[in-house]
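This one's a predicted model, so the numbers in the text were calculated from it and none came from an experiment. Chain letters run A, B, ... following the sequence lines, proteins first, then strands; residues in each count from 1.
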Amino acid sequence: MSSFIKGDAEYYKKLWHSASHVLADAVKELFPEAKLGIGPAAKIGFYYDFDVKRPFTEDDLRKIEVKMKEIISRNLKFEKEEVKKSEAKRLFKDEPYKLELIEEIEGQLTIYKHGKFVDLCKGPHIESTSEIKAFKLLRVAGAYWRGSEKNQMLQRIYGIAFPSIDELNAYLKHVEEVGERNHITIGKELEIFSQHEEAPGFPFFLPKGTIIWDEIISFWKDLHRKENYNFVMTPIILSKSLWVMSGHWDHYRKNMYFTEIDDRSFAVKPMNCPGHILIYKEKRRSYKELPIKFAELGIVHRHERSGVLHGLFRVRKFTQDDAHIFCTEEQLKEEIKKIILLTKKIYSAFGFSDYEIELSTRPENSMGSEEQWAQATNSLKDALRDLGLSYKIREGEGAFYGPKIDFHIKDSLEREWQCATIQVDFSMPEKFGLFYIGADDKKHRPVMIHRAILGSIERFMGVLIEHYAGALPTWLSPVQVRVIPISDKNNNYAKKIVDLLKGQGIRANADYGKETLSKKILSAQLEKIPYMLILGDLEEKNSTVTLRSRSGAIKKNLLFDDFTNSLKNEIRERCPDLSIK
RNA sequence: GCCUCGGUAGCAUAGCGGCAAUGCAGCUGACUUGUAAUCAGCAGAUCGUGGGUUCGAAUCCCACCCGAGGCUCCA
């Protein structure tokens, strides 16, 4: 997103914040009864919240835009003024939301004026409304007052503004491109996954999607085997008593599904940790065994509220590439570092080199002692520091059992997706009475690390689809080669080539249809197939193939073995970029 | 869960009180093709579900289901 800011980021913030004041001014002129909420600059663009009797329509937005243009053309100066609390209360006597804010603000209150419009505001702002050369109101959405669902819901108008028309157009083009890359649309077109009314939040994976899924997983397993993870499989339904003991009943019940079997209460697992803990407890563990790493592609179910469901990004059933590492406190930092390095390795194979790291600390509703939390948080910080990685801190955003590091992948459109999570946990081992026998022949408490790298395979696939706009790297493509005979005279040769490719483990098929060559190329192109082999009389006579890649590059009269050798190499090396030019 | 918008053939859309339409995909036939759409024909829809208003409902009203974009929450 930052690529839309040319030069001084602070200037854009000022511009957007000022545009939000102009928006509020226009709304007050057109809808005098509207009450003002707040209207800051967003990450990109701006918004303003209003309490109105009737929600804004598309039509209203267009009218507001016209009014905004008029206000901008008045070339009004933004003027700052310091006011006393009593004066502020008088100025905003008809604005209940502003009054609420005024009551709470300590110290100097400031207001900003342009023309007749006055807003409670710290600023800063641009000099004059005329600096807003290009803007657009994008959409209207509900938003809770002060972000709490206990409060009144206000109508939020989102907009964008730039110092030039060209920048606005570039941004709008970007928004359009993001829309075209939407994984739900692409997933349907390319027959990767589907959604059904009968299963809200439970996506179906179609044959092509399942191929991608299997490729991701087999790659993931290979790397984990090398890192000494032990794969396990634990049940999806486990006794409720287990979840009471783990603390999930107290802290996570509202997200869980429950069921009865033979008059006994069971829960559908929302996480895999208790299952792995049961395996750990199956026998006495020695310090010599540690660290013990149990990995599972764990299928979890979480009752997410209906309004949050979204394609593959937010679902009610998903597969975590989960693992739990039981280790000593001394091993903790090194184990965290190993996980971070593994994460980087896996991400780079998928073409992600850019990510943000966040460290989340103790939340309100949590278990464990202050000391344990401090120790766990420090081990995460130390590991990040040792690897020279910078991170942001999110206060109070940790899991209920421990602090965590999250990786947010940046995709090719510079949007961020939370995928990997590494969580340190001292409390679960205590709750379950886990121990190992140390060199001193005494019982010691192990530390537990919960970690997932892709996060949810479902979400990760969604991210991949959008990152590549459906044109996945060859190793992940459901169909790697489409063989196209030019006329049906060449069908036999095509079949022979397909069989040879399949024999070498390459996913290939042929288009024996009666359509023209152009038409067949178009349909392979729309299916985002990396390579096409065009076979006509010429190729058949010379026993060669003509290659067309989805980038449009053409190589004529290629020896079949030369093609397969380079293709197999591309697949084996998991080259992420060769075919997406 | 809350707010806004939407749901019409496999897909993408039009129609918004009076015979359900167009493109792509599908099927059939002709064409036998040299690098992003050959031509012609055919078939395909109880217009998300249920109820109501009306002589008449895809269209208006109510309820529910599902989806999209947000808020809150989150892998």
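- Centroid-to-centroid, the aromatic rings of Tyr48(A) and Phe50(A) come within less than 6.0 Å.
- Of the C1' atoms belonging to C65(B) and G51(B), the separation is 14 Å, rounded to the nearest Å.
- Interatomic distance, CD1 of Ile212(A) versus CD1 of Ile217(A), reported as 12.0 Å (0.5 Å rounding).
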- Which string of ( ) [ ] | and . matches RNA chain B, if you list each base 5' to 3' and count Watson-Crick or G-U pairs only when both distances are under 3.5 Å? ((((((((.[[[[.)..(..]]]].(((((.......))))).....[[[[[..)....]]]]])))))))....
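- A57(B) sits 44 Å from U72(B) when the P atoms are compared, rounded to a whole Å.
- For the C1' atoms, the distance from A12(B) to G44(B) is 16 Å, rounded to whole Å.
- Nucleotide A25(B) holds its C1' atom 15 Å from the CG atom of Leu190(A), rounded to whole Å.
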- Any chance you could list the contact pattern along nucleotides 34-50 of chain B? Use B for base contacts, S for sugar-phosphate-only contacts and - for none, protein heavy atoms under 4.0 Å, 5' to 3'. BBBBS------------
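- For the residue pair Glu395(A) / Thr361(A), a side-chain donor-acceptor distance below 3.5 Å is found, with atom types taken as modelled.
- The distance from atom CD1 of Ile186(A) to atom C1' of A12(B) is 15 Å, rounded to the nearest whole Å.
- The same atom, P, is picked in A58(B) and in A20(B); the two are 8 Å apart, to the nearest Å.
- With respect to the salt-bridge test (charged N to carboxylate O, under 4.0 angstrom), the residues Asp406(A) and Arg394(A) do not qualify.
- Nucleotides C24(B) and U38(B) are separated by 10 Å at their P atoms, to the nearest Å.
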- Query: What is the per-nucleotide protein-contact pattern of nucleotides 69-75 of chain B, from the 5' end, where B denotes a base atom under 4.0 Å from a protein heavy atom, S denotes such proximity for sugar-phosphate atoms only, and - denotes neither?
  - Reply: BBBBBBB
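- For the segment residues 200-215 of chain A, the set of residues with a heavy atom within less than 4.0 Å of an atom of RNA chain B comprises Pro200(A), Gly201(A), in numerical order.
- Rounded to whole angstrom, the span from the CG atom of Asp51(A) across to the P atom of C3(B) amounts to 14 Å.
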- Item | Lys317(A) vs Glu304(A), salt bridge (charged side-chain N to carboxylate O under 4.0 Å, His left out): CA-CA, chis, key distance, verdict | CA-CA 10 Å; Lys317(A) 173 238 152 181; Glu304(A) 302 293 348; over 6 Å; no
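- Ion pairing of Glu397(A) with Lys404(A) is absent here, as no side-chain N (NZ or NE/NH1/NH2) approaches a carboxylate O to less than 4.0 Å.
- Here His467(A) and Phe350(A) keep their ring centres 6.0 angstrom or further from each other.
- Asp425(A) and His450(A) form a side-chain donor-acceptor contact under 3.5 Å, judged by distance and modelled atom types alone.
- Between Glu227(A) and Lys221(A) no salt bridge is recorded (no basic side-chain N to carboxylate O distance below 4.0 Å).
- Distance noted for atom P between A14(B) and G29(B): 35 Å (whole Å).
- Here the straight-line distance linking atom CG of Leu384(A) with atom CD1 of Ile336(A) works out to 8.5 Å at 0.5 Å rounding.
- OP1 and OP2 of U33(B) both lie 4.0 Å or more from every side-chain N or O belonging to Lys520(A).
- Shown here are the salt bridge (charged side-chain N to carboxylate O under 4.0 Å, His left out) partners of Arg156(A), two or more places apart in sequence or in another chain: Asp49(A).
- Between the NZ atom of Lys188(A) and the C1' atom of G7(B) there is a distance of 10 Å, rounded to whole Å.
- Aromatic ring centroids of Phe135(A) and Trp16(A) lie 6.0 Å or more apart.
- A gap of 43 Å separates the C1' atoms of A75(B) and U59(B), to the nearest Å.
- Residue pairs meeting the side-chain hydrogen bond (donor to acceptor under 3.5 Å, both in side chains) criterion with at least one member in residues 514-528 of chain A, sequence neighbours excluded, are Arg482(A)-Glu527(A).
- Under the 3.5 Å distance criterion, the side-chain polar atoms of Asp488(A) are left unmatched by any main-chain donor or acceptor of Asn491(A).
- Here the P atom of nucleotide C3(B) and the CG atom of Asn151(A) are 15 Å apart, to the nearest Å.
- The nearest heavy atom of RNA chain B to Gly311(A) and to Ser487(A) marks one nucleotide each, and the one closer to the 5' end goes with Ser487(A).
- Between the P atoms of A21(B) and C47(B), the separation comes to 14 Å (whole Å).
- Between Lys489(A) and Asp537(A) there is a salt bridge, with a side-chain nitrogen of the basic residue lying less than 4.0 Å from a carboxylate oxygen of the acidic one.
- Taking atom NZ of residue Lys53(A) and atom C1' of nucleotide C3(B), one finds them 18 Å apart after rounding to whole Å.
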